Amino acid sequence: MKNQDKKLPAEAEKTEKEIDDKNNQEIINQVKKLPLSNDEKNNIIATIDMYSGPIPHPKILAGYEALDHGAAKEIIDNGIEESKHRRKLETARQKRRGHLAWASMIILALVCLIFMLGSFYLILNDHKIIGGIFGGSSFLIFVGYFFNYIDKLTSNNDISVNKTIEDTDKDNSK
């Protein structure tokens, strides 16, 4: 059992390393495709420092700290505050979208209810065909709207894809 526990972290590190190696290899391949001499390409590849993250590389932070004592801590604190602020804005945006979804559903339900009451009135006054058309169409519109637009209004996909509902409608109509 102890041998298995010791193997798990090594396997996890290997997977992360393989991912990093693939990313690094992609960057190196892009440098090799540049219209430069082989010496220039080799110099670029030799000086590439592979690092990614929300804050600068530790060597860069050390350089800032050497220039101004406390700068590294301020950069890290700023990064943390920026992340908190971004999450707060995203949460507020999602709440607004949820409220918009509920408001649009309530308004649509009221409009459909008015059409259904009008349909009932028409049917009672011997206008059965037009009353049935009004009642049936308002119900179908309500159901269609419910299934098509509530998911769009409450989804989080538009943060990564900058499309409005109107743009999506245009794409769907083509």
Side-chain angles (χ1 to χ4, degrees), residues 1-110 145-174:
M1 191 68 151
K2 289 182 180 181
N3 289 338
Q4 289 177 341
D5 291 340
K6 290 181 181 179
K7 289 180 183 178
L8 284 175
E11 290 175 4
E13 288 175 12
K14 182 180 177 185
T15 305
E16 290 176 11
K17 186 175 182 186
E18 287 174 358
I19 293 170
D20 286 342
D21 288 343
K22 287 179 184 177
N23 292 338
N24 295 346
Q25 190 60 45
E26 184 178 327
I27 293 170
I28 291 170
N29 289 338
Q30 289 177 0
V31 169
K32 287 180 179 178
K33 292 177 185 177
L34 293 173
L36 301 172
S37 69
N38 285 338
D39 288 338
E40 290 174 317
K41 290 177 189 177
N42 289 335
N43 285 338
I44 291 172
I45 291 170
T47 58
I48 291 176
D49 189 9
M50 304 294 182
Y51 177 80
S52 66
I55 57 173
H57 189 279
K59 290 179 184 175
I60 295 172
L61 280 177
Y64 282 121
E65 187 66 27
L67 289 173
D68 184 18
H69 181 70
K73 180 173 177 17
E74 191 172 328
I75 290 170
I76 292 171
D77 290 344
N78 186 38
I80 291 169
E81 289 300 316
E82 179 66 27
S83 292
K84 288 179 184 177
H85 178 68
R86 181 182 42 79
R87 285 187 209 113
K88 182 180 173 184
L89 290 176
E90 288 174 4
T91 300
R93 183 169 191 259
Q94 285 304 103
K95 284 182 182 178
R96 282 192 307 270
R97 291 180 59 79
H99 292 152
L100 176 62
W102 278 105
S104 63
M105 280 302 301
I106 290 169
I107 290 170
L108 181 67
L110 290 174
Y145 185 86
F146 180 78
F147 285 116
N148 287 327
Y149 287 95
I150 295 305
D151 185 48
K152 290 178 187 178
L153 289 171
T154 58
S155 72
N156 199 19
N157 293 336
D158 66 334
I159 291 175
S160 61
V161 179
N162 293 325
K163 280 190 169 184
T164 64
I165 293 171
E166 293 82 16
D167 292 338
T168 305
D169 288 341
K170 289 176 188 174
D171 291 343
N172 290 339
S173 66
K174 289 181 181 178

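Quick caveat, the model's predicted, so the values are computed rather than measured.
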Note, Leu100 side chain near Arg96 side chain (heavy atom, < 4.5 Å): no
Minimal heavy-atom distance between Ala72 and Leu61, with the atoms involved, is CB-O, 3.8 Å
Considering only NZ, NE, NH1 and NH2 on the basic side and carboxylate oxygens on the acidic side, decide whether Arg86 and Glu82 come within less than 4.0 Å. no
Test your reading of the model: is there a side-chain donor-acceptor pair from Lys41 to the backbone of Leu34, 3.5 Å cut-off? yes
Can any side-chain N or O of Glu81 pair as donor or acceptor with the backbone N or O of Asn78 at less than 3.5 Å? no
Taking salt bridge (Lys or Arg N to Asp or Glu O under 4.0 Å) as the cut-off, I'd like each qualifying pair that reaches into residues 60-76, sequence neighbours left out, listed once. Lys73-Asp77
Give, for atom CD1 of Ile28 and atom CD of Gln30, the distance between the pair rounded to the nearest 0.5 Å. 10.5 Å
Kindly compute the distance separating CG (Leu89) from CZ (Arg87), expressed to the nearest 0.5 Å. 12.0 Å
Inter-residue atom distance Ile80.CD1 - Ile75.CD1, 0.5 Å rounding: 12.5 Å
